[in-house]
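Note sheet for the following structure.
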Protein chains: 2
Amino acid sequence: MSMHSFYENAPKHLVAVDCIIFGFEDGKLKLLIIKRKVDPMAGAWSLVGGFVQDEESTDEAAARVLKQTTGMENIYMDQLHTYGEVNRDTGSRVIAVTYYALIRIKEHDRLLANEHGAHWLSLHQIPELIFDHNLMLQEAMKRLREKVRFHPVGFELLPEKFTLPQLRNLYEEIYQRELDKRNFRKKILAMNILEKLEEKDKTSSKKGAHLYRFDKQKYELLMETGFGFTM
Amino acid sequence: MSMHSFYENAPKHLVAVDCIIFGFEDGKLKLLIIKRKVDPMAGAWSLVGGFVQDEESTDEAAARVLKQTTGMENIYMDQLHTYGEVNRDTGSRVIAVTYYALIRIKEHDRLLANEHGAHWLSLHQIPELIFDHNLMLQEAMKRLREKVRFHPVGFELLPEKFTLPQLRNLYEEIYQRELDKRNFRKKILAMNILEKLEEKDKTSSKKGAHLYRFDKQKYELLMETGFGFTM
DNA sequence: ACAAAAGTGTTAAGTATACACCCATGA
DNA sequence: TCATGGGTGTATACTTAACACTTTTGT
């Protein structure tokens, strides 16, 4: 008892999702890329991707692909752009919908990632990727910068407790430039979404830096309305 | 001698492009929508769309669809978002890639548009549209507002020569609020992309308003770099 | 005691906003 | 002459950007 389909004459296409998976570790913004296992271009570096199945939405496909390589669910993802050039994939015509994901590297399943030939590489280490994947990455970086300007999604990349120098470091990686220490603290704290904790993190200095946690309530409120955040 | 396809096991999907076609006429921002001719939902209001063919990119499909209903080519278009829910189209599973276009209503082929059952309706007159098309429109408006904030694409909607009150009126329609006359002139002229002409347009006042033309050179330069433009 | 990172305020410049009157002209 | 829309300038509040020294503590 399958559903009747209108539109009988229209051609069908392979549709893939490709995920630009960002993480933050050792003070560096990193990207999860894999050694491709299928032909053509088997063995080459690639973004994490997969084909959209009949019973899933493109959003669901992206979440599935992310889960398959990292084991993680309920991750912050945004759709970016659809690449529809006829010959962009040398294997066949494939229309690719890209998504980016922000994950906490510490929390992902390293074994699972290894099984899939996945590697975390910092932005400057990214090799040549297959097809138009380097372009996808470049456009994803641009969109990520625009995003964090109005939405405090940076927290998705940090552990629950983090220091202000860490947070600033993250923004510096995203913007690829230095940010003034004092002005940064001012702006971030003025947003009033951070909760200062008593604990200090002494891993990176003798004095130690205060740990902060962000306030989910206020955070979600801001996520809805957006907020101005200019570096 | 057809090309060998890898990826034999992956499912294929219908992929459509849907265009949010903006125009500006009689001081109103308008949208080109059509009476749908195919089932399901034949006779209902719909965005202008069509299926992506084998030999064309999604961008090309959008341009083709636009040309089919307006006769216009080389029109400013931007991809917006891809709607990939399994049941979004009641006729069959269709993945829809949306684009918006900015056109000069005066220059389009009215006869051709009529043949396709196309109508220009101002934003407040937009009826219920099929499927998720109202949502698409809503998101397109949001993106258009973001776009004009940094890119002077508003000119795409106006005739070659236009007055500052006309231009302000357009921005007011896009933002759906009043803009201060003096501040608007200051900002627009400060961008230094307008050329003041000697002629005046007296169609809307006895005094007449100066006509301006925008300077393609400076305009294109700004289009590349983007520019700050806050209302 | 010193090295190394954390933390803290002020000033100047630029940008956004609010606001009211005169001008040119056709009817 | 008067009604209509076009055109003009300034003052204030706000936001951003630049900048240097003191604090803490482990070695």
Side-chain angles (χ1 to χ4, degrees), chain A residues 26-28 145-146 148-150 152 158 161-173 175-192 194-213 222 225-231, chain B residues 26-28 145-146 148-150 152 158-159 161-192 194-213 222 225-231:
Chain A
D26 303 330
K28 296 285 174 195
R145 283 189 198 112
E146 288 165 7
V148 299
R149 199 175 173 305
F150 293 106
L158 292 169
K161 301 173 184 179
F162 53 87
T163 67
L164 287 185
Q166 263 182 295
L167 182 60
R168 179 166 53 92
N169 180 205
L170 169 58
Y171 276 86
E172 286 177 337
E173 280 287 307
Y175 286 114
Q176 290 288 298
R177 66 183 171 90
E178 292 204 344
L179 300 175
D180 184 272
K181 195 163 50 159
R182 282 170 287 191
N183 292 340
F184 181 82
R185 294 178 77 93
K186 243 182 297 179
K187 266 180 218 156
I188 283 287
L189 293 173
M191 282 158 46
N192 206 32
L194 292 191
E195 187 187 348
K196 189 175 186 173
L197 306 176
E198 286 312 309
E199 305 169 71
K200 281 191 164 187
D201 169 26
K202 297 203 172 181
T203 55
S204 71
S205 81
K206 290 157 183 169
K207 182 177 177 182
H210 273 101
L211 284 164
Y212 288 79
R213 180 161 54 196
L222 277 180
T225 58
F227 72 122
F229 190 68
T230 313
M231 294 288 137
Chain B
D26 303 329
K28 296 285 175 195
R145 283 189 198 112
E146 288 165 6
V148 299
R149 199 176 173 303
F150 293 107
L158 293 169
K161 300 173 184 180
F162 53 86
T163 67
L164 288 185
Q166 264 182 295
L167 183 59
R168 179 166 54 92
N169 179 205
L170 170 57
Y171 275 86
E172 287 178 335
E173 280 286 307
I174 292 173
Y175 285 114
Q176 291 288 298
R177 66 183 172 91
E178 292 202 346
L179 300 174
D180 184 272
K181 197 163 49 158
R182 283 170 286 193
N183 293 339
F184 181 81
R185 295 178 76 92
K186 242 182 298 178
K187 267 180 218 158
I188 283 286
L189 293 174
M191 281 159 47
N192 206 33
L194 292 191
E195 187 188 347
K196 189 175 186 173
L197 306 176
E198 286 312 309
E199 305 168 71
K200 281 192 165 186
D201 169 26
K202 297 204 171 178
T203 56
S204 70
S205 81
K206 290 157 185 172
K207 181 177 177 180
H210 273 101
L211 284 164
Y212 288 79
R213 180 161 54 197
L222 277 180
T225 58
F227 72 124
F229 189 67
T230 313
M231 293 290 137

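It should be emphasised that the depicted structure is a prediction, and the values quoted were computed from it without experimental measurement. Here is the naming used below: chain letters follow the sequence lines, and residue numbers restart at 1 for every chain.
- For the pair A:K187 NZ and D:dC14 P, the computed distance is 17 Å after rounding to whole Å.
- A heavy-atom distance below 4.5 Å is not found between the side chains of A:Y212 and A:L158.
- Rounded to whole Å, the distance from CD on A:E199 to C1' on C:dA6 is 17 Å.
- Across the protein-nucleic acid pair, B:K196 atom NZ and D:dG6 atom P stand 14 Å apart, rounded to whole Å.
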Point to revise | side-chain contact (heavy atoms from CB on, under 4.5 Å) assessment of A:F184 paired with A:E178 | key: CA-CA 10 Å; A:F184 181 82; A:E178 292 204 344; over 6 Å; no

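- Taking atom CD1 of A:I188 as the reference point, atom P of D:dT15 lies 16 Å away to the nearest angstrom.
- Listed by chain and residue number, B:E172 satisfy the side-chain hydrogen bond (donor to acceptor under 3.5 Å, both in side chains) test with B:R168 (two or more places apart in sequence, or in another chain).
- For C:dG7, the OP1/OP2 oxygens have a side-chain nitrogen or oxygen of A:H210 closer than 4.0 Å.
- Atom CG of A:N169 and atom P of C:dA5 are 12 Å apart (whole Å).
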Point to revise | Protein proximity profile, nucleotides 19-27 of chain D - base contact B, sugar-phosphate-only contact S, no contact -, cut-off 4.0 Å on heavy atoms | key: BB--BBBB-

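- One can place CE of A:M191 at 13 Å from P of D:dT16, the figure rounded to the nearest angstrom.
- We find that CG of B:L211 is positioned 15 Å from C1' of D:dG5, with the value rounded to whole Å.
- Atoms CZ and CD, from A:F150 and B:E146 in turn, are 8.5 Å apart once rounded to the nearest 0.5 Å.
- Residue B:L189 contributes atom CG, which lies 17 Å from atom C1' of C:dT15 at whole-angstrom precision.
- The distance from atom CG of A:L164 to atom CG of A:N169, rounded to the nearest 0.5 Å, is 12.0 Å.
- Of all heavy-atom pairs spanning A:E198 and A:H210, the tightest one is O-CD2, 3.9 Å.
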